[in-house]
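Only heavy atoms go into these numbers, but all of them, side chains included; no hydrogens, no water, no symmetry mates. Just so it is clear, the model here is predicted, and its values are computed rather than measured. Numbered from 1 within each chain, the chains take letters A, B, ... in sequence-line order.
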Amino acid sequence: MKRRGDFTNLQIAELLRDVAAGYQLKGEDKYKFRIIAYDRAADAVEHATSELKDLWDDGKLEEVPGIGPSISEHLDELFKNGRSRHFEEVVRGIPPDAFKLMQLPGIGIKTAMKMLKEGDKKEVAEKLKEVKSLQEKNKRLLLPFAAQIAADIINYLREDKSVSRIDPLGSLRRQASTIGDIDIAVASSNPQSVLERFVEYPKSQKSIEKGEHTASILLPGDIRVDLMVQPEGSYGALLQHFTGSKHHNIALRELALKKGLSLSEYGIREVKAKSEKLKVFTSENDFYKFLGLDYIEPELREDTGEIEAAQNHKLPDLITLEDVKADLQIHSSFDIETSHDLGESSMEEVVKKGNELAYEYLAFTEHNPSQAKHTELQITDILKRKREKVEQINYSIKNRHKDSVKKVFNSLEIDMKPDGTVPVPESGMKTLDFALVSIHSSFHLDRNSQTKRVLSALSHPKVKIFAHPTGRLLEKREGAELNWPEIFDFCLKNNKWVEINCDPMRLDLPDTLVREAIKLGVKLTFGTDAHHKDGMNNMIWGISVARRGWCQKNDIINTLNLSEFEKLLE
DNA sequence: GCCGTTTTCGGCCCGACTGTTTTCAGTCG
């Protein structure tokens with residue numbers, strides 16, 4: 001239940017940014033670093049894996065990096081009383097419209113205030129309308145979609161013969177689950193010609209800016225694309241700089257400063273040496289090595305401990321697509337009269353696709369038969385029919401020595417009812433090798449009830465996997481609220497696994513929670529949730545999530561070979 | 001206002017681009 005004093009992380013982040021803007025407006029030098037501190041705190045809150053309110057309940061606010069004694073005290077007041085007098089004091093006199101205007105690119109607090117004071121009223125009204133439509137649109141791109149846009153532009157730019165190297169960078173290279181804008185780097189002997197070609201990209205709506213090294217265009221749908229061009233000799237530093245993340249780069253530069261070095265997209269120079277001698281790097285690997293660090297994979301560059309790990313040679317050996325030996329969530333077209341959607345490809349087609357992907361085993365995980373339309377007896381009969389079909393497939397693939405798929409498992413993706421029971425009778429559960437459970441309804445239970453529901457559904461001995469655990473749909477639906485430490489603890493103790501759903505709309509478990517899960521030793525699975533054989537190609541996006549969550553091969557169940565996997569099911 | 005493998009005090013990333021106040025402030029990534 002929402003009460004006065006309940007704030008979402010996003011609301012708190014906004015509030016902290018407003019306070020930062022308030023200090024900025026005061027324009028006094030003494031606030032220079034306080035502004036940065038508030039902005040950093042806002043970023044940290046926005047990216048926190050727990051609701052700040054919950055952390056506050058547990059007295060753990062100051063465990064969020066960027067929140068210290070002062071901000072923590074003001075937040076305490078905010079949660080207790082629904083307001084913070086200090087925050088209000090800082091932003092006093094700033095009209096709410098100013099904060100709205102700041103959401104437009106190119107407008108900061110000072111420009112916004114000037115517009116409101118001296119600007120044309122009509123123009124301000126126009127701009128505010130723009131903000132509103134921006135807020136309504138304000139969608140980030142799904143990873144595969146962004147990758148495709150980048151690939152198209154890269155093909156287009158490659159036609160310029162001066163381009164010797166070209167890469168998609170930024171959050172796309174870091175394989176974030178959603179992408180805000182698209183960054184591309186180019187090594188070229190003739191930067192001007194590349195930049196000119198770029199701003200003339202046929203699909204470009206308008207060119208935002210164009211300088212000596214960089215240019216930006218806007219594609220339909222307000223998709224911003226940034227290009228950065230350099231000579232080949234310093235391409236390594238450019239890769240490093242433009243891949244980010246911003247926080248990774250700041251942390252890296254702070255580390256470098258302590259060694260008397262200054263980093264930029266052009267290379268590394270010594271702070272003391274007035275000679276301005278720049279050391280350039282063709283390779284990113286050498287750039288990190290020069291700083292005394294192991295090479296850090298792009299997926300890890302979020303300033304969440306990777307720099308320290310690189311110093312101590314403790315970086316994980318990240319999982320790759322080649323490590324995966326199975327797909328553990330596939331919906332075939334075998335009709336078991338489900339209440340949700342069936343797959344479109346037959347079991348035979350799925351097995352064939354599994355062979356193409358060199359998998360050793362697969363699991364058929366259609367949704368459970370609809371409970372509303374069947375008696376328990378009918379459900380059991382339907383499931384027996386499916387069992388027979390799976391046995392028949394296994395018989396037919398048994399002696400095909402050339403094929404990689406040696407076995408398919410008879411599984412099921414089962415709804416959990418709001419009370420935590422499962423809509424399949426015990427006689428039906430018996431037909432299964434193992435089962436997945438997932439939330440498909442009642443997404444908005446409070447945290448405690450939702451957690452109880454999940455733990456109850458997971459406790460059935462046949463249930464091994466908690467599938468698409470948060471239930472989120474990227475840019476469409478927030479996930480369910482769950483007590484993750486409790487869920488992970490249960491999974492660890494009871495040998496249950498948590499799925500990384502590879503559907504680009506889901507990518508669920510989210511990467512930050514993946515990291516928390518494996519830290520505790522919880523095992524994860526990959527499931528493409530394919531409803532067509534081609535959906536099995538989505539494994540690669542799940543790999544991205546796992547890599548961003550610091551997963552190594554042994555964190556993931558489907559890297560086991562068939563006999564190891566079967567042992568776990570016994 | 002935050003933070004610590006040189007510091008509990010004294011630091012705090014770095015450069016591009018725009019527009020205009022032609023030397024810099026504002027904004028951005």
Between dT6(B) and dG11(B), how far apart are the two P atoms, rounded to whole Å?
16 Å
CG of D29(A) versus C1' of dG1(B): gap in Å, rounded?
15 Å
In whole angstrom, give me the gap between the C1' atoms of dG4(B) and dG15(B).
27 Å
How many whole angstroms separate atom NE2 of H248(A) from atom C1' of dC14(B)?
15 Å
Can you figure out which of dG26(B), dG15(B), dC14(B) approaches the side chain of K110(A) most closely?
dG26(B)
Over how many whole Å does the gap from L101(A) atom CG to dT27(B) atom C1' extend?
15 Å
When you compare dG10(B) with dT21(B), how far apart are their P atoms, in angstrom units rounded to a whole number?
41 Å
Is there a side-chain contact between R34(A) and the phosphate of dG1(B), meaning an N or O under 4.0 Å from OP1 or OP2?
yes
According to a strict under-4.0 Å criterion, is R269(A) in side-chain N/O contact with OP1 or OP2 of dG15(B)?
yes
Please determine, for dG11(B), whether a Watson-Crick or G-U wobble partner exists with both distances under 3.5 Å, and give it or none.
dC2(B)
When we call it a touch if two heavy atoms are under 4.0 Å apart, what does I268(A) touch: a base, just sugar-phosphate, or nothing?
nothing
What do the steps show when you test H213(A) against Y266(A) for ring-ring contact (aromatic ring centres under 6.0 Å, His included), and what is the final call?
CA-CA 11 Å; H213(A) 305 278; Y266(A) 301 108; 5.5 Å; yes
Lys/Arg-Asp/Glu bridge criterion (N-O < 4.0 Å) met for E284(A), R301(A)
yes
Need one value for L252(A): base, sugar-phosphate or nothing, where a base atom within 4.0 Å counts as base even if backbone is also close, heavy atoms only.
nothing
I'd like to check D317(A) versus K553(A) (side-chain heavy atoms, cut-off strictly below 4.5 Å). Are they in contact?
no
Nucleotide nearest K258(A) (side chain, heavy atoms from C-beta), chosen from dT6(B), dA16(B), dC13(B)
dT6(B)
5'-most contact on DNA chain B (nearest-nucleotide basis), A37(A) vs I109(A), goes to A37(A)
Using a 4.0 Å heavy-atom cut-off across all strands, classify Y38(A) as base, sugar-phosphate, or nothing.
sugar-phosphate
Could you give the distance separating dC13(B) and dG29(B) at their C1' atoms, to the nearest angstrom?
12 Å
Among dG15(B), dC12(B), dG1(B), the nucleotide that comes nearest once only the side chain of S70(A) is considered
dG1(B)
Are the charged groups of E51(A) and K53(A) less than 4.0 angstrom apart, N to O?
no
With P as the reference atom in both, quote the distance from dC17(B) to dC12(B) in angstrom, rounded to an integer.
25 Å
Side chain of Y266(A) (C-beta onward), nearest among dC12(B), dG29(B), dA16(B)
dA16(B)
Of the nucleotides dT5(B), dG29(B), dC14(B), which has the atom closest to the E308(A) side chain?
dT5(B)
May I have the distance from D226(A) (atom CG) to dT27(B) (atom P), rounded to whole angstrom?
18 Å
For dC14(B) and S262(A) - does any side-chain N or O of the residue sit under 4.0 Å from the phosphate oxygens OP1/OP2?
yes
Looking across every strand, which nucleic acid part, if any, lies under 4.0 Å from I36(A) by heavy atom: base, sugar-phosphate, or nothing?
nothing
Any side-chain N or O of H213(A) below 4.0 angstrom from OP1/OP2 of dG29(B)?
no
Measure the spacing between CG of D167(A) and CD1 of I154(A) and express it to the nearest 0.5 Å.
6.5 Å
Please tell me which of the listed nucleotides, dG26(B), dG15(B), dC12(B), lies nearest to the side chain of T111(A)?
dG26(B)
Given dG1(B), dC13(B), dG15(B), identify the nucleotide with an atom nearest to the side chain of Y23(A).
dG1(B)
L263(A) CG to dA16(B) P, in whole Å, measures 15 Å
How many whole angstroms separate atom CE of M115(A) from atom C1' of dT27(B)?
14 Å
Pick base, sugar-phosphate or nothing for E265(A), based on heavy-atom distances below 4.0 Å to the nucleic acid.
sugar-phosphate
Would you call I94(A) and I109(A) a side-chain contact if the rule is heavy atoms closer than 4.5 Å?
yes
Quantified in whole Å, what is the C1' atom distance between nucleotide dC14(B) and nucleotide dT7(B)?
23 Å
If you assign S264(A) and K210(A) each to the DNA chain B nucleotide with the nearest heavy atom, which residue ends up on the more 5' nucleotide?
S264(A)
Atom-pair distance (CG on D303(A); P on dC3(B)), nearest Å
12 Å
Distance between P atoms of dT8(B) and dC3(B) (Å, rounded)
16 Å
One thing to verify: whether R17(A) and D43(A) come together as a salt bridge, which I'm taking to mean a side-chain N less than 4.0 angstrom from a carboxylate O.
yes
Using the C1' atom on both, measure dT22(B) against dT18(B) and round to a whole Å.
14 Å
Gap between atom CG of D529(A) and atom CG of D503(A) - 0.5 Å precision
6.0 Å
Under 4.0 angstrom, heavy atoms only, what part of the nucleic acid is L257(A) near: base, sugar-phosphate, or nothing?
sugar-phosphate
Please state how far atom NE2 in H247(A) lies from atom P in dC2(B), giving the value in whole angstrom units.
16 Å
What's Q24(A) touching, base or sugar-phosphate or nothing? Going by heavy atoms closer than 4.0 Å.
sugar-phosphate
Would you mind telling me which of dC2(B), dT18(B), dC3(B) lies closest to the side-chain atoms of P65(A)?
dC3(B)
